[in-house]
Amino acid sequence: MRTHWFTPWFYVIPALATLMFFLIYPSMHTLVISFFGPQSEKFVGLANYIYCFTNETMLSAFRNNLLWVALFVPMTVFLGLILAVILDRVHYESLVKSIIFMPMAISFVGAGVIWKFVYSYRPVGSEQIGILNAFLSYIGVQPIPWLIQRPWLNNICLIIVGIWIWTGFCLVILSASYKGIPKELLEAARVDGANEYRIFWKIILPLMKPTVAVVATTMFINVLKVFDIVYVMTNGGFATEVIANRMYKEMFIFRNYGRASAIAILLLLFIIPMIIINVQRFREQEAVR
Amino acid sequence: MKKFNFIIMLICLSFLVSVTTAAGQSVTVMGIWTGAEADAFAKMVAPFEAETGIKVEFTGTRDLPAILTTRVEAGNPPDVSVMPNPGQMLEFAKDGKLIDLSTFMDMEALKSEYSNAWLDLGSYQSKLHAIFISADLKSLVWYNPKAFAAAGYTVPNTWDELMVLSDKMVADGNTPWAIGLESGAASGWPGTDWIEDIMLRIASPETYDAWVNHELAWTNDIVVEAFEIFGEIARSERYVYGGPNAVLTIPFGDSPDALFTDPPNAYMHRQATFIKSFILDHFPDLVPGVDFDFFPFPPIKEEFGNPALGAADMLAMFNDTPEARAFMKYIASTQAQGIWVGELGKLAPNLKVDPMVYPDDITRKAAEILGEASVFRFDASDLMPAAVGSGSFWSGILDYVSGESLMNVLMQVEASALDAYSR
């Protein structure tokens, strides 16, 4: 049967229509109202964007998101990679993997609540209900008010929660990729006298590079959107604000649609390059197969 | 060669069977109430449902501001909603989203049953937009009478006496105050209550109103003074249990626990009437009025007396249906409020509610103080635009207690206020 030029288009119409309706249209609408005032009535030009880059809390949110990127992305990917390689060598692999993956199964809000208890602080001398401070008092060290110690400690405490949640995800993906490496290759290297360290750097890592890149970019996108953990544990207090939480506040608490939309657009702009890299890497990976 | 020349696309149409509620009318109500409060609400509406045959469909969520905003913007609001605070009620009223209640309520009856303060607070452009269902009195200092007696302390009547007592406690090796500012995403609010109570006692009610309306800058001396009086206690390692670190990390509902340890970790706790339910929740054996009690937050400057600071729950109407009208009328009645406050130990705004519905003497005493106060003011942070009231004011309190310089903190709040009030 003859194929018309429009036949392939015909098949993608439903997908395109859905994409238009649920993705393109809302994005465009958000872009438009980001130039308007709180109630989307008055045109204010770039005022909302100027606010984003001059307001002190917004700037601190940008800084904190950068800190999240700098710590969270390398840590999740690194831990995921190391664990994937090491766990492959033990017989209780699936058990450990399940345990590490488990935090993914609970809601992030739930994780926030759990960790709030972990970091809980009570005055010196009274019973510590937080496990960390309980441990500290047990070994005779003064309890630490983890979540209010700005600017580093409390942010790092929050980032640790994020790492706890996402490492399992990285581990599972990277482990699958690791298992895809032909074992003959590693055997051959061993026969040739390469040590394990050298094998990891010269064979395993290069072969896993596309997957590592995909996982890293995914984590990057994830961490730019970080919201739940911060909202539940500090709500951005004590200089732990992040972009997404700020967007939520402007939108739902302060009812300033213009600013919330401007923040959303900025977030989108930060994420787009990562999505492009991600898609490219994904194509490369597919091409290898 | 192609095996298939045609791809058959199967479109499965699924029919959604919309389950309509059983024949009869209903009114949808959205509120912040869950748990015990939701149960009390069910008890309150039971007689209404029985009498009118109207079904009340209640949705309770702690995330009310977000969900309500979304639904109102989507053009799908509940018939009736509990309001997050008067400030947001006014914003909805300004946007023309709320129904003017005076079009169908018996205003004469309302005026005889409610004090003007409540009617004014529920009005926008002198049209009634919200009905108050229960109130909480905030200007209270809770203490443990037995511990007080054992240590030979007496209830202070003025601020100076209070500070003398605090110093005496410190000298005895005790800690006077228990404060907890942690409240999840709302952390900081208990501190704003302190500032408001102090503001009312060092300045006139008119100054307080000017502050609420931002006719008074946050960097004004009087605001600075209010913060400093609060800071003297909350930022002190001696006056407050655990020092500022504990103040910032202890959940507000847990903080009065310090009054009931043996020996007490602290002796006084400034909090609204609702803290009683937290105390009883943690220590079910305690008897209100015997094991714990309150005295009014004392006057600071004599000329401003002893004003009452309070907050209240209110309901407003988004859809004008006969069922919603009937429901709002019922909410305003003594019958409904009698059940509601009786269950929860809150105070009734409706003056005709029988004091005997209150579960104990200390609640009656609080109702009396609220009814007799010559000056009553609503929680300022609830009246301010959200960006200040639940934004920079809350976080400002946390920043101040954690040691930031007061001027920095107040200048930040002022900056956000300049921005928010000009909307």
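Because the structure is predicted, anything quoted here is derived from the model rather than measured. Proteins get letters first, then strands, A, B, ... in listed order; numbering begins at 1 in each.
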- prompt: Is the number of heavy atoms from other residues, nucleotides or ligands within 6.0 Å of NE2 (B:H282) greater than 12?
  reply: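 More than 12 heavy atoms, drawn from other residues, nucleotides or ligands, come within 6.0 Å of this atom.
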query: Is the CD1 atom of A:I131 crowded by more than 12 outside heavy atoms at less than 6.0 Å?
result: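 No - once you tally the heavy atoms of other residues, nucleotides and ligands closer than 6.0 Å, there are 12 at most.
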- prompt: Quick one: OH on B:Y241 to CZ on A:R122, what's the gap to the nearest 0.5 Å?
  reply: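 CZ of A:R122 is found 8.5 Å from OH of B:Y241.
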Proximity breakdown for B:P65 and chain A, heavy-atom pairs closer than 4.5 Å: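 B:P65 touches chain A through backbone and side-chain heavy atoms alike.
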When you compare the side chain of [Y] with that of [X], does any pair of heavy atoms fall below 4.5 Å?
X: B:T70; Y: A:M251; answer: no
X: B:E404; Y: A:R150; answer: yes
X: A:Y257; Y: B:T69; answer: yes
X: A:K116; Y: B:E182; answer: yes

task: Considering non-hydrogen atoms only, spot the tightest contact between B:Q88 and A:I253 and give its length.
output: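 Nearest heavy atoms, B:Q88 then A:I253: NE2-O, 3.4 Å.
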query: What option among B:G242, B:S416, B:G391, B:A386 has the most heavy-atom pairs under 4.5 Å with chain A?
result: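 Option with the top pair count is B:A386.
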message: My understanding is that only one of A:V124, A:I144, A:I148 makes a side chain to side chain contact (heavy atoms under 4.5 Å, CB included) with B:N245; could you say which?
response: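 Passing option: A:I148.
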field: Per-residue contact mode, A:N256 against chain B (heavy atom under 4.5 angstrom)
entry: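 Contact with chain B is through both the backbone and side chain of A:N256.
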- prompt: Does the side chain of A:Y119 come under 3.5 Å of the side chain of B:T249 through a donor N or O and an acceptor N or O?
  reply: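 Short answer, no.
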message: So if I take each residue of residues 393-403 of chain B and look for any heavy atom under 4.5 Å from a heavy atom in chain A, which residues do I end up with?
response: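 So far as heavy atoms go, B:L398, B:D399, B:S402 are the residues that approach chain A to under 4.5 Å.
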